[in-house]
Amino acid sequence: MAILVTGGAGYIGGHMVLALLDAGEEVVVLDDLSTGFAWAVPKAAHLVVGDVADSAQWKEILAKHRIEAIAHFAAKIVVPDSVADPLGYYFSNTVKARALAEFAVRNGIKNFIFSSTAAVYGEPAVNPIFETAQPAPINPYGRSKLMVEWMLEDTAKVHSLSYVALRYFNVAGADPKGRLGQSTPNATHLIKVAVQAALGMRAGMDVFGTDYPTPDGTCVRDYIQVSDLIAAHLLALGHLRRGGESLVLNCGYGHGNSVREVIDVVKEISGNDFEVRLTGRRAGDPAALVAGAQAVRERLGWKPSYNDLAEIVRQAYRWERKLRDGTFARAR
Ligand code: UFG
């Protein structure tokens, strides 16, 4: 029996593929390579290049593999882009997930793991924020993902489909074995931008806002290391395989770091100073976003291994240097 990983050529999905293969699972990757890379998918996984909502692709996959579970990572993820192109985001993230859920139901695939996001909470009034809080997304990205959670909830009530929706906080770092990391060109994420500045790949960086109601005035986020995040997915798979109930769980460590703290750690780890420009707020940034992180530990027995910002930065830095120098290993 195989696990179908959509978006398995991307950053987070790619780490899922590595972890599943490490665990001896059979893996089928479905990815359109719009932001992912074929070289990131090990030969041990079956790579199907195509659209997650293309029923012809599904037929081909089902003719060759018995799919036991779907882990759905494929999505558009840039918040400002979602504001500029809401219909594109609702199509990619919501409409296509609906098609995939129907594919699961029609073909008796009972287990579904969904990549949700802390963006479903919008601007939380209190931190840490727990799963019991009322979702209130403030952009099309968060809404497009929340609608999928609702779709899965309604579908699980009437079909033999169970799901775990994992609400990711700020995913960062890279494979501790150095096989994979965040490779998207023009990435906008803080740690990636900062390590690129440290490596001289960009001329310094901007801090978006220094007047937030936080200890040092810059935004606070809960940075979760990518393999720790993926460990929660494997536990979710085990939970579903045992017939466990559907769950919606935050994925974070339960504590945060400010933008200034992150930049200081990047300077320290790299030993390189770089220009940091203090600029105005970026639209749509909540001041602080920290996970209420007990439920994932209690429900899935999750125990993080890399809960350390310096280690996360070290991994991101090492990967970025490999990418810059072209010294990373191509899986195919
Ligand atoms: N930041 C800077 N300078 C930069 C880049 C980021 O100051 O060059 C700041 C941002 O303003 C923010 C913090 O660093 O305060 C983190 O920003 P990221 O872009 O790294 O991450 P976000 O918190 O904006 O976004 C993340 C995920 C989204 C998800 C969101 C949930 O990347 O997919 O959390 O709120 F939707």
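Every heavy atom of this structure was used, including side-chain atoms; hydrogens, water molecules and symmetry mates were not.
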What side-chain donor-acceptor pairs closer than 3.5 Å can you find for residues 293-304, not counting sequence neighbours?
{"from": "Arg297", "atom 1": "NE", "to": "Ala293", "atom 2": "O", "distance (Å)": "3.4"}
{"from": "Arg299", "atom 1": "NH2", "to": "Glu245", "atom 2": "OE2", "distance (Å)": "2.4"}
{"from": "Trp302", "atom 1": "NE1", "to": "Asp228", "atom 2": "O", "distance (Å)": "2.9"}

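- Between Asp308 and Arg314 there is no salt bridge, since no side-chain nitrogen of the basic residue lies less than 4.0 Å from a carboxylate oxygen of the acidic one.
- Each of Leu47, Val5, Asp54, Leu4 was scored for a side-chain contact (heavy atoms from CB on, under 4.5 Å) with Leu30, with one residue passing: Leu4.
- No hydrogens or angles considered: a donor-acceptor pair under 3.5 Å links the side chains of Thr184 and Gln182.
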Tyr223/His255 under ring-ring contact (aromatic ring centres under 6.0 Å, His included): CA gap, chis, key distance, verdict: CA-CA 8 Å; Tyr223 294 93; His255 61 83; 9.8 Å; no

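- Under the 30°/60° scheme for interplanar angles, the aromatic rings of Phe114 and Phe112 are found to be tilted.
- At a threshold of 4.5 Å between non-hydrogen side-chain atoms, the residues Leu237 and Arg241 count as touching.
- Side-chain contact between Ile67 and Asn107: absent, with no pair of heavy atoms (C-beta onward) separated by less than 4.5 Å.
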Does the salt bridge (Lys or Arg N to Asp or Glu O under 4.0 Å) test come out yes or no for Glu68 and Lys110, once each step is laid out? CA-CA 7 Å; Glu68 173 208 350; Lys110 293 187 168 55; over 6 Å; no

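- Salt-bridge annotation for Glu320 and Arg318: absent, with no side-chain N of the basic residue lying under 4.0 Å from a carboxylate O of the acidic one.
- Classified by interplanar angle (parallel below 30°, tilted 30° to 60°, perpendicular above 60°), the ring pair Tyr141/Tyr89 is perpendicular.
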Quick one, Glu102 with Arg98, criterion salt bridge (Lys or Arg N to Asp or Glu O under 4.0 Å). Give me CA distance, side-chain angles, the key distance, then yes/no. CA-CA 6 Å; Glu102 184 175 323; Arg98 195 215 71 88; 2.7 Å; yes

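- Side-chain contact between Val259 and Leu190 is present, with at least one heavy-atom pair separated by less than 4.5 Å.
- Aromatic pair Tyr11/His189: ring centres not closer than 6.0 Å.
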